Amino acid sequence: MKFRELAKYFEKIESTSSRLSITQILSDLFKKVEADQIKHTIYLLQGRLAPLYEPVKFGLAEKMIIKSGVVALKIKKEEFLHEYKKIGDLGRAVEYFKKGIRSLEKKELSVMNVYRQLYELASAGGEGSQDVKIQTLVNLIRSLDALSCRYVVRIPIGVLRLGFSDMTVLDAYSWMIKGDKSLRPTIEKAYHVRPDLGQLGYVLKKEGTGGLKKMRPAIFTPILMMRAERLSSGQEIIEKIGRCAVEYKYDGFRLQVHYSAKGRLPSGQKKIKVRLYSRNLEDVSYMYPDVIEGVKREVKANEIIFEGEAIGFDPHSGNFLPFQETVQRKRKYGIEEKMKEVPLKFFAFELLYLDGKKFLDISYLERRRALERSIKLTGDIFKDTLLLASENILDDPKKLELMFDDAVSKGLEGIIAKKLSGVYKPGAREWNWIKFKRSYSSKIEDTIDCLVMGYDFGKGKRAGFGIGAFLVGVYDEKQDKFLTVAKIGTGLSDEEWKQLKVRSKKLEVRSKPVLYEVDKMMECDVWISPSIVVEIKADEITKSPVHTAGRKLRPSKSGKALEVDIPGFALRFPRLERFRDDKRPEDTTTLGEIKKMYNT
Ligand code: ATP
């Protein structure tokens, strides 16, 4: 396919506000693309060159892109900046000038060719690499038509944002094969084990749905992490799952470890042995060199995928550190120094894959025993980096409560009870794991993870920050939409308001994203694309006509308008607990969970 044709699809998607129409446009596109090009097409549609968990950075600042535009289009910088300021979008500014210049030669570049050039641009490193990057972009701008330029320029600055989610792509794959979304559950199951939309598309095109059944976990492709249900007493837990394994709930960072003793070559990179992925499947290996070394030293396996929680450790007292201290290890700079101050211990608790054998469909008990055999323990907590999550097999609610009290007295969050016969279900929140947390002084026993959808400008003191209240929502899995539950205007420190503003800056979009359902009363001054997840503490879940989570509308008596039939759910006294950078937008609390919390 020519890139010019793909750009027309970009444009169609950009100007569509219905999720269903976007799904159909995508499915139409996927039907036309050849199997060996679908990976590249899907990554470009997401403004990337590889799946989410492959860190490919373009390394081209906005001013370099402006320079590329000016050189390619042979115009004065002032003239370009003037127009850019008016239009407010770098892609459209380049498109505007390109339209006006008929004399420049245009070549018909294929999607693969543009992909390759962008890949070269991203991979250029070392001395003189900025010049190489600029020249590559100059060549692309010169060769492509105006509309293609709009999108090619947006990709390296990370502002393509066509506003559809991975779930929309899964639906589109189903439409591509079946003409409806009936295959989505089967495709989604495979996606949970191999969340690479490109690879999924390739398998579907080559082998149809039969190929999905053969998809197995792969080293250096993170598996979507399993999640826990909630209960708030030992009695309820034993009634629900009977005799179970009870582990401490450590409060640190959940990591999925991928290890290959021989080392492997993930796409275009140098051979590596260990990779660490966060909850939202980001490669965070560079942040935790001590865990990486620990894995190399203390794992007994050729190839393994396992999970656990990394938590700060005080090497003087031998105590574990609270989350507020552990969190200091989450940083991009000064990693080595912080590592000495806050070394980490890693409590392994789940085995997913070992030496060619998939452990997902195997019972908890077997997984745990195999995990125990895969880690070398000296028994000296000062020496070992890898440890096993402490585990007790219990069937007495009182003993479970005692273990819970013990966990709380150690400063931990609580416990996790695991069903002995329970399998590991990637991406699912199931009763195979049940968390029992220190309850808060509120009527809801857990915090709620919400997506930040937009914000209003501040008044008074907060006018200085440029942000005064922000709108948050939860995820409706059935509709693949975000529905609002609160607008939060208090309870943040000055630092947190500033942080929120800075984080929002890069994510601002011109109009409300298609995935958001928001009442008129809750509209925001600024909309931001789905990215920032926050953990919210609230006193209670109440009902409100202005929030869309769980709200049902019906035609008014006159039949001309809609009125509220069933009000939505809203959070009472919501306040920010922490930013949850380890979660993807789809990992926020779901509408189903909110309903359950409201009813208990
Ligand atoms: P929370 O905000 O309560 O930590 P969450 O939404 O991040 O919950 P859940 O799946 O609901 O995630 O709860 C399980 C979390 O508890 C895991 O993501 C993991 O980070 C943490 N955890 C700590 N210790 C354990 C353990 N022994 N087994 C499983 N998970 C554990």
Side-chain angles (χ1 to χ4, degrees), residues 10-26 45-47 87-89 91-92 150-151 154 158-169 171-172 449-458 466-489 500-501 503-534 536 544-553 561-564 567-571 574 584-591 594:
F10 279 106
E11 191 187 28
K12 266 201 229 167
I13 295 170
E14 199 185 3
S15 56
T16 304
S17 58
S18 137
R19 184 186 181 276
L20 184 62
S21 309
I22 294 180
T23 312
Q24 278 158 352
I25 298 168
L26 286 172
L45 275 163
Q46 294 187 301
I87 300 174
D89 172 352
R92 280 183 193 268
R150 184 200 298 175
Y151 297 108
R154 281 183 190 171
V159 294
L160 184 65
R161 288 196 288 270
L162 291 176
F164 57 83
S165 67
D166 281 16
M167 296 306 127
T168 316
V169 176
D171 277 347
D449 296 321
C450 295
L451 178 76
V452 179
M453 299 161 78
Y455 67 84
D456 294 335
F457 299 124
I467 179 167
F470 60 104
L471 182 68
V472 296
V474 294
Y475 185 51
D476 179 356
E477 290 171 296
K478 290 202 184 114
Q479 294 190 72
D480 186 23
K481 286 216 151 167
F482 292 93
L483 312 175
T484 71
V485 286
K487 204 172 230 184
I488 305 176
L500 190 56
K501 173 79 185 175
R503 284 165 181 252
S504 306
K505 186 81 197 123
K506 279 191 89 177
L507 300 163
E508 288 174 11
V509 282
R510 287 169 168 219
S511 53
K512 181 162 65 69
V514 274
L515 299 176
Y516 296 177
E517 205 171 294
V518 180
D519 186 273
K520 279 223 152 31
M521 303 269 290
M522 287 292 131
E523 298 260 318
C524 292
D525 293 336
V526 179
W527 293 108
I528 56 180
S529 58
S531 174
I532 308 172
V533 177
V534 284
I536 302 294
S544 154
V546 295
H547 283 294
T548 53
R551 189 177 76 170
K552 293 241 156 35
L553 299 174
L562 290 172
E563 62 184 26
V564 175
F569 296 106
L571 304 182
R584 301 170 312 154
E586 296 84 6
D587 294 331
T588 50
T589 303
T590 60
L591 176 61
I594 295 278

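If you're wondering where the values come from, they're calculated on a predicted model, not measured in any experiment.
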So which heavy atom on [X] is nearest to which on [Y], and how close?
{"X": "Asp519", "Y": "Thr548", "answer": "N-CG2, 3.7 Å"}
{"X": "Arg551", "Y": "Pro545", "answer": "NH1-O, 2.7 Å"}
{"X": "Ser544", "Y": "Ala570", "answer": "CB-CB, 3.6 Å"}
{"X": "Ser21", "Y": "Thr16", "answer": "CB-CG2, 3.4 Å"}
{"X": "Pro530", "Y": "Tyr516", "answer": "N-OH, 3.1 Å"}
{"X": "Ser529", "Y": "Pro513", "answer": "CA-CG, 4.3 Å"}

Quick one: [atom1] on [X] to [atom2] on [Y], what's the gap to the nearest 0.5 Å?
{"X": "Glu563", "Y": "Lys552", "atom1": "CD", "atom2": "NZ", "answer": "15.5 Å"}
{"X": "Phe164", "Y": "Glu14", "atom1": "CZ", "atom2": "CD", "answer": "11.5 Å"}
{"X": "Met453", "Y": "Glu517", "atom1": "CE", "atom2": "CD", "answer": "9.0 Å"}
{"X": "Ile22", "Y": "Ser15", "atom1": "CD1", "atom2": "OG", "answer": "9.0 Å"}
{"X": "Thr484", "Y": "Leu451", "atom1": "OG1", "atom2": "CG", "answer": "11.5 Å"}
{"X": "Leu162", "Y": "Leu45", "atom1": "CG", "atom2": "CG", "answer": "6.5 Å"}

Mind checking whether [X] and [Y] have side chains closer than 4.5 Å, heavy atoms only?
{"X": "Gln46", "Y": "Asp166", "value": "yes"}
{"X": "Ser165", "Y": "Leu515", "value": "yes"}
{"X": "Arg154", "Y": "Phe10", "value": "no"}
{"X": "Phe569", "Y": "Leu591", "value": "yes"}
{"X": "Val526", "Y": "Phe470", "value": "no"}
{"X": "Leu553", "Y": "Val564", "value": "yes"}
{"X": "Arg584", "Y": "Val533", "value": "no"}
{"X": "Glu523", "Y": "Lys512", "value": "yes"}

_Leu471 and side chain to side chain contact (heavy atoms under 4.5 Å, CB included): which single residue from Ile528, Val518, Val452 fits?_
Val518
_Please evaluate residues Met521 and Lys487 with respect to the criterion side chain to side chain contact (heavy atoms under 4.5 Å, CB included), reporting the C-alpha separation (whole Å), side-chain torsions for both, the decisive distance (0.1 Å), and the verdict._
CA-CA 11 Å; Met521 303 269 290; Lys487 204 172 230 184; over 6 Å; no
*If you measure from the Lys or Arg side-chain nitrogens to the Asp or Glu carboxylate oxygens, is any gap between Glu11 and Arg150 under 4.0 Å?*
yes
_Quick check against the 3.5 Å criterion: does Asp456 have a side-chain atom that pairs as donor or acceptor with the backbone of Asp525?_
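At least one qualifying donor-acceptor pair exists.
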_Treating Thr590 as the side-chain partner and Tyr475 as the backbone partner, does any N or O pair qualify as donor plus acceptor under 3.5 Å?_
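Not a single qualifying donor-acceptor pair exists.
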_Assess the residue pair Asp449 and Asp587 against the criterion (side chain to side chain contact (heavy atoms under 4.5 Å, CB included)); give the C-alpha distance rounded to whole Å, side-chain angles, the decisive distance to 0.1 Å, and a yes or no._
CA-CA 8 Å; Asp449 296 321; Asp587 294 331; over 6 Å; no
